[in-house]
A.B. asks: 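This is the structure I have questions about; it appears just below.
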Amino acid sequence: MKDLKQYIVNLRHDFSKSTLDESQLHNNPINQFEEWFTRAVNIRAREPNAMMLSTVSPANKPSARILLLRDFSEKGFVFFTNYESKKAKDLEVNPAGCLTFFWPELEQQVRIEGIISKLDDADSDTYFRMRARSSRLGAWASNQSTIIANRGVLDEKMKEVREKFGENEIPRPEFWGGYILKPAYFEFWQGRTSRLHDRLVYELEHENSWKIYRLAP
């Protein structure tokens, strides 16, 4: 492209597919999320369960990465990772986190803030057994977030792990498992024309009671 910077400056997309009004909302944000998520699945949005997890380090530096949602309910939103990863170390010090979903096909975004804690071992074991065998081996092979010299180090480790387990059952490593975010804040964002987007918020006031209000775009 001849002038990438000018292209970025001129890049525009006017959102016009839908609207979001208070009268359309469910009383419970979990039900509202399920409605939007189901819509994303039904239109075959690419990886509708992809979400950004934002955490804050012990040095108060923000960090974000894309993960996959693996379950959600009134109890919270579930994902899995290495307990020795950067995100896990952040959560040991500050358990507050934020999940962000964006479905460009629907011009919709959801932000969910809350406190994150580890899942019970039994739940992590159940999910680990459901993973593809190669993914279970990969969990053993990768010391996530540590520095390695090159790709060959990882390939060699994977080879060692394959030889170690052979055709035997692969147990879940103690350093790998699930987390659950218990939500206290939801923002449902619907793109609108002229950048006057709809932003409707659920904020937890006390157990199972949500305050609903609108934010200026």
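Values in this document were obtained by computation on a predicted structure and should not be read as measured data. All values below come from the heavy atoms of this structure, side chains included, with hydrogens, waters and symmetry mates left out.
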A.B. asks: Give a yes or no on whether the ring-centroid distance for Tyr83 and Tyr179 is below 6.0 angstrom.
C.D. replies: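 For Tyr83 and Tyr179, the ring centres are under 6.0 Å apart.
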A.B. asks: Which residues pass the side-chain hydrogen bond (donor to acceptor under 3.5 Å, both in side chains) test with Glu35, not counting sequence neighbours?
C.D. replies: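 Counting only residues at least two positions away or on another chain, Glu35 forms a side-chain hydrogen bond (donor to acceptor under 3.5 Å, both in side chains) with His26, Arg39.
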A.B. asks: Could you check whether Ser16 and Asp14, counting side-chain N and O atoms only, form a donor-acceptor pair closer than 3.5 Å?
C.D. replies: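 Distance-only check fails for Asp14 and Ser16.
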A.B. asks: Under 3.5 Å, is there a donor-acceptor pair linking the side chains of Asn208 and Glu74?
C.D. replies: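 Their side chains do not contain a donor-acceptor pair, so the 3.5 Å distance test is not met.
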A.B. asks: Over all heavy atoms of both residues, which pair between Pro29 and Phe188 is shortest? Give the atoms and the distance, please.
C.D. replies: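 Taking every non-hydrogen atom into account, O-CZ, 3.7 Å.
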A.B. asks: Between Trp36 and Phe101 (judged by ring centroids, cut-off 6.0 Å), do the two rings come close enough to count as a pair?
C.D. replies: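 Centroid distance Trp36-Phe101: not below 6.0 Å, so no.
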A.B. asks: Is Phe37 reachable from Ile30 through a run of I, L, V, M, F, W or Y residues, each pair having side-chain heavy atoms under 4.5 Å apart?
C.D. replies: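 Cluster IDs for Ile30 and Phe37 match.
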A.B. asks: From Ile180 CD1 over to Ile115 CD1, what is the distance, rounded to the nearest 0.5 angstrom?
C.D. replies: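 Result: 13.0 Å between the selected atoms.
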A.B. asks: Within a strict 4.5 Å, meaning less than it, do heavy atoms of the Asn82 and Phe175 side chains meet?
C.D. replies: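 They are in contact (side-chain heavy atoms under 4.5 Å apart), so the answer is yes.
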A.B. asks: Which heavy atom of Asp21 sits nearest a heavy atom of Leu200, and at what distance?
C.D. replies: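 Smallest interatomic distance, heavy atoms only, reads C-CD1, 3.8 Å.
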A.B. asks: Among pairs that include at least one residue of residues 128-137, which meet side-chain hydrogen bond (donor to acceptor under 3.5 Å, both in side chains), considering only residues two or more places apart or in two chains?
C.D. replies: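 Residue pairs with at least one partner in residues 128-137: Arg136-Glu169.
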A.B. asks: Specify whether Trp189 and His197 have parallel, tilted or perpendicular ring planes, treating 30° as the upper limit for parallel and 60° as the lower limit for perpendicular.
C.D. replies: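 Tilted, since the angle between the ring planes falls between 30° and 60°.
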A.B. asks: Examine distances only and state if a side-chain atom of Asp120 and a backbone atom of Ala122 form a donor-acceptor pair shorter than 3.5 Å.
C.D. replies: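 Looks like no, no N/O pair under 3.5 Å.
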A.B. asks: Which atom names give the shortest non-hydrogen contact between Cys98 and Leu181, and what distance separates them?
C.D. replies: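 Taking Cys98 first and Leu181 second, the nearest heavy atoms are N-CD1, 4.3 Å.
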A.B. asks: OG of Ser124 to NZ of Lys118: how many Å apart, nearest 0.5 Å?
C.D. replies: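 So the gap between those two atoms works out to 9.0 Å.
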A.B. asks: Any link between Leu99 and Phe80 through a network of hydrophobic side chains (Ile, Leu, Val, Met, Phe, Trp, Tyr) touching at under 4.5 Å?
C.D. replies: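 In one cluster: no.
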A.B. asks: Determine whether more than 12 heavy atoms belonging to other residues, nucleotides or ligands lie under 6.0 Å from atom CZ of Arg44.
C.D. replies: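 Check fails, neighbour count at 12 or below.
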A.B. asks: Check for me, please, whether Ile212 and Val110 land in the same ILVMFWY cluster - side-chain distances under 4.5 Å, paths through other members count.
C.D. replies: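 In one cluster: yes.
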A.B. asks: Quick check against the 3.5 Å criterion: does Arg151 have a side-chain atom that pairs as donor or acceptor with the backbone of Asp155?
C.D. replies: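 Checking the backbone N and O of Asp155 against the side chain of Arg151, no donor-acceptor pair under 3.5 Å is found.
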A.B. asks: Can you tell me how far CD of Glu84 sits from CD of Glu92, rounded to the nearest 0.5 angstrom?
C.D. replies: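 Spacing of CD (Glu92) from CD (Glu84) equals 9.0 Å.
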A.B. asks: With a 4.5 Å limit on heavy-atom distance, are the side chains of Asp123 and Tyr127 in contact?
C.D. replies: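 Contact flag for Asp123/Tyr127 side chains = no.
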A.B. asks: Does any part of the side chain of Thr55, heavy atoms only, come nearer than 4.5 Å to the side chain of Asn94, both counted from C-beta?
C.D. replies: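 Not touching, per the 4.5 Å side-chain cut-off.
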A.B. asks: Quick check: closest heavy atoms across Ile66 and Ala50, and the distance to 0.1 Å?
C.D. replies: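 Shortest heavy-atom separation between Ile66 and Ala50 comes out as CG2-CB, 4.2 Å.
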A.B. asks: Looking at Asp90 and Lys86, is there a salt bridge between them, counting it only when a charged N and a carboxylate O are closer than 4.0 Å?
C.D. replies: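 Between Asp90 and Lys86 there is a salt bridge, with a charged N closer than 4.0 Å to a carboxylate O.
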A.B. asks: Hey, does Trp140 have a side-chain heavy atom less than 4.5 Å from the side chain of Trp176?
C.D. replies: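 Side-chain contact under 4.5 Å: no.
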A.B. asks: Please determine whether side-chain contact (heavy atoms from CB on, under 4.5 Å) holds for the pair Phe128 and Ile170, giving the CA-CA distance in whole Å, both sets of side-chain angles, and the decisive distance to 0.1 Å.
C.D. replies: CA-CA 9 Å; Phe128 190 78; Ile170 305 168; 4.2 Å; yes
A.B. asks: Give the cluster check for Val78 versus Leu68: same hydrophobic cluster or not, with ILVMFWY residues linked at side-chain heavy-atom distances below 4.5 Å.
C.D. replies: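 Looking at the clustering, Leu68 is in a separate group from Val78.
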A.B. asks: Do Phe33 and Phe186 have ring centres separated by under 6.0 Å?
C.D. replies: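 That pair fails the under 6.0 Å test.
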A.B. asks: Are Phe77 and Phe79 connected, step by step, through hydrophobic side chains (Ile, Leu, Val, Met, Phe, Trp, Tyr) whose heavy atoms are closer than 4.5 Å?
C.D. replies: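 Per the 4.5 Å side-chain linkage, Phe77 and Phe79 are co-clustered.
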A.B. asks: Once you round to the nearest 0.5 Å, how far does CG of Asp71 lie from CG of Asn49?
C.D. replies: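 These two atoms lie 11.5 Å from each other.
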A.B. asks: Could you tell me whether a side-chain N or O of Ser73 sits under 3.5 Å from a main-chain N or O of Lys75, the two making a donor and an acceptor?
C.D. replies: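 The answer is yes, because a donor-acceptor pair under 3.5 Å joins these two groups.
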A.B. asks: Between atom CD of Gln32 and atom CG of Asn27, what is the distance when rounded to the nearest 0.5 Å?
C.D. replies: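 Those atoms lie 10.0 Å apart.
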A.B. asks: When you look at CD of Glu22, are more than 12 heavy atoms from neighbouring residues, nucleotides or ligands closer to it than 6.0 Å?
C.D. replies: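 Yes, enclosed.
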A.B. asks: Side-chain contact test, heavy atoms from C-beta onward, threshold under 4.5 Å: evaluate it for Leu154 versus Ser142 and give yes or no.
C.D. replies: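 Touching, per the 4.5 Å side-chain cut-off.
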A.B. asks: I'd like to know if the side chain of Asp3 reaches the main chain of Gln6, judged simply by a donor and an acceptor atom lying under 3.5 Å from each other, with no hydrogens or angles considered.
C.D. replies: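 Checked: pair present.
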A.B. asks: Using the side-chain contact (heavy atoms from CB on, under 4.5 Å) rule, take Leu25 and Leu20 through it: C-alpha gap first, then chi angles, then the decisive distance, then the call.
C.D. replies: CA-CA 8 Å; Leu25 293 180; Leu20 182 62; 3.9 Å; yes
A.B. asks: Going by side-chain hydrogen bond (donor to acceptor under 3.5 Å, both in side chains), name the pairs with one or both residues in residues 98-113, residues two or more places apart or in two chains.
C.D. replies: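 Non-adjacent pairs meeting side-chain hydrogen bond (donor to acceptor under 3.5 Å, both in side chains): His13-Glu107, Gln108-Gln190, Arg111-Glu113, Arg111-Glu187.
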A.B. asks: Which distance, rounded to the nearest 0.5 Å, do you find between the CG of Leu53 and the CG of Leu91?
C.D. replies: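 These two atoms lie 6.5 Å from each other.
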A.B. asks: Thr19 and Arg192: side-chain contact (heavy atoms from CB on, under 4.5 Å), yes or no, with the steps?
C.D. replies: CA-CA 7 Å; Thr19 65; Arg192 295 289 301 274; 3.4 Å; yes
A.B. asks: Evaluate the side-chain proximity of Thr38 to Glu34: yes if any heavy-atom separation is below 4.5 Å, no if none is.
C.D. replies: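 Glu34 reaches Thr38 side chain to side chain.
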A.B. asks: Walk me through whether Lys87 and Leu67 qualify under side-chain contact (heavy atoms from CB on, under 4.5 Å).
C.D. replies: CA-CA 11 Å; Lys87 68 184 83 65; Leu67 301 177; 3.9 Å; yes
